[in-house]
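Below, chain A is the first sequence line, B the second, and so on; all start at residue 1.
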There are 2 protein chains.
Amino acid sequence: MRISQLSAESGVPIPTIKYYLREGLLPQGDQTSATRAEYGQEHLRRLRLIRALLEVGRLPVAAIRKVIAAVDDERIDFHDMLGTAHYALSTPVEPPPEDEDWREARELVDRMIAGLGWSVHPLAPTRDELAQSVVTLKRLGMPTSQEDLLPYASAALDLVRDLDITKIPFDGPRDVAVETLVICEVLYGKAFDVLRRLAQESESTRILGARPCPSGDTTR
Amino acid sequence: MRISQLSAESGVPIPTIKYYLREGLLPQGDQTSATRAEYGQEHLRRLRLIRALLEVGRLPVAAIRKVIAAVDDERIDFHDMLGTAHYALSTPVEPPPEDEDWREARELVDRMIAGLGWSVHPLAPTRDELAQSVVTLKRLGMPTSQEDLLPYASAALDLVRDLDITKIPFDGPRDVAVETLVICEVLYGKAFDVLRRLAQESESTRILGARPCPSGDTTR
DNA sequence: ATAATTGGATAGTAGAACTATCGAGTGATA
DNA sequence: TATCACTCGATAGTTCTACTATCCAATTAT
């Protein structure tokens, strides 16, 4: 398959494909001559993954590159690769040092994770991400305690147990496993987020007993 | 309070505050003379809301403006205001017309919402958002059925029932209610997302029986 | 022989979210 | 009263991200 066909099949314009090649998101094709390269199904597949992470997951290109680097790097072992992929998916947040609210929130998060017995790396950026939500909620006048978060935590664990983890072929080829993990994390995550918003619309409509019809336009 | 104090208390630089004023995110202060305006607690509060939606919710400024317009517009009624706020929070997606996969996905979504008995506006952009995830999962070789989504849907409903809706003072002043709804939707949504990723890290670590420690750096 | 396509390189663009500067008008201080 | 810091409002510039566009020499197809 040449680049024009790859473009036609994926719907991604040629200049964009070239951009992904430059950025290292897409591996080079099989160079058959100075001005010709051959692309295969794996390129199409990779391209679809990139577009999914970009369009549905709204991940920045730099994060996608890290995920892909983790998938492609044959040296690092399975578990480290999953970790790298996981951390590439988090939105980094740099807490202001010496901030009392932040310290407190981080402690709450750490205590909760420990209390739940979860195996989360002590330096996982995800911990700060959760602390950020806690701090922000407090500043907005809606302080959050561990008891407020625990039902969310156990619901999250149930979802992951029942639906994500069972779909990931941990015993299969490593690249397929990481790819599946990333897809589950991002796409099922998105799907759940949308379902939550749908549920919230439905419930608030029900509570107010009105018809679910805003007068304004429905575009963002 | 003058602008410099507003800046000091909120941590937002003065030029940025001016930018928010220009963009209509922040109401003008009380003009006491040609070159002086007075800001109050409500400005500080609004500024914190803006930053929360921006930094934690990653909402674009245009969406925040719509949310705020809904809160501030006294003409539209309570329920319509909630609807407007809701739809401003969704990420719009324009499905290619005449696409078979999309049609099918939208049908699945509509059937599921109807089957659950949820009160969701037929034109809610959220429906297409969910359809997008379904289409993308299919294209990535992980087709999704209603049965796959139902547990997610009921978990979402439980969460909203137990934690979000109970926190929203539907009987109080309308602006407080919408603001609370938005905060719940965005911040608890984010918190749950992080918890899900933490749970996933924990579970995949447990399944692989390894230490939760990637060799690479942990930054995005 | 000629037209189309490709790879590789370089440069340009659009949108988003700020950030900087300027000029004239206050208000507080010396 | 003079001065100086602060403010408003307007305009312009910056940075970052994700693309697009153009060009060229080298093929390859017709």
Would you say [X] places a side-chain N or O within less than 4.0 Å of OP1 or OP2 belonging to [N]?
| X | N | value |
| --- | --- | --- |
| A/Y39 | C/dG7 | yes |
| B/S33 | C/dG25 | no |
| A/Y20 | D/dT20 | no |

Round to the nearest Å and state the distance from [X] atom [atom1] to [N] atom [atom2].
| X | N | atom1 | atom2 | result |
| --- | --- | --- | --- | --- |
| A/K18 | C/dA11 | NZ | C1' | 14 Å |
| A/H43 | C/dT6 | NE2 | C1' | 15 Å |
| A/L26 | D/dC19 | CG | C1' | 15 Å |
| A/I3 | C/dG8 | CD1 | C1' | 11 Å |
| B/Q5 | D/dT7 | CD | P | 10 Å |
| A/R65 | D/dC16 | CZ | P | 15 Å |
| A/R58 | C/dG15 | CZ | P | 16 Å |
| A/E38 | D/dT28 | CD | C1' | 13 Å |

Cationic N near anionic O, under 4.0 Å, [X] to [Y]:
| X | Y | answer |
| --- | --- | --- |
| B/D72 | B/K66 | no |
| A/R196 | B/E185 | no |
| B/R103 | B/E100 | yes |
| B/R65 | B/E23 | yes |

Tell me what [X] touches on the nucleic acid: a base, only sugar-phosphate, or nothing, going by heavy atoms under 4.0 Å.
| X | result |
| --- | --- |
| B/Q31 | sugar-phosphate |
| A/Q28 | sugar-phosphate |
| A/L21 | nothing |

If you assign each of A/I14 and B/L54 to its closest nucleotide in DNA chain C, which residue comes earlier from the 5' end?
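In this pair, the answer is A/I14.
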Heavy-atom nearest nucleotide on DNA chain C for B/R51 versus B/T35: which residue maps closer to 5'?
B/R51
Of all heavy-atom pairs between B/L21 and B/P27, which one has the smallest distance, and what is that distance?
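What the structure gives for the nearest pair is CD2-O, 3.3 Å.
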Which nucleotide sits closest to the side chain of B/R2: D/dT7, C/dC18, D/dT28?
D/dT7
Need to verify one output field. Residue with the more 5' nearest nucleotide on DNA chain D, A/R36 or A/Y19?
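It is A/Y19, whose closest nucleotide lies nearer the 5' terminus.
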Record whether the side chain of B/R22 comes under 3.5 Å of the base of C/dT19 through a donor-acceptor pair of N or O atoms.
yes
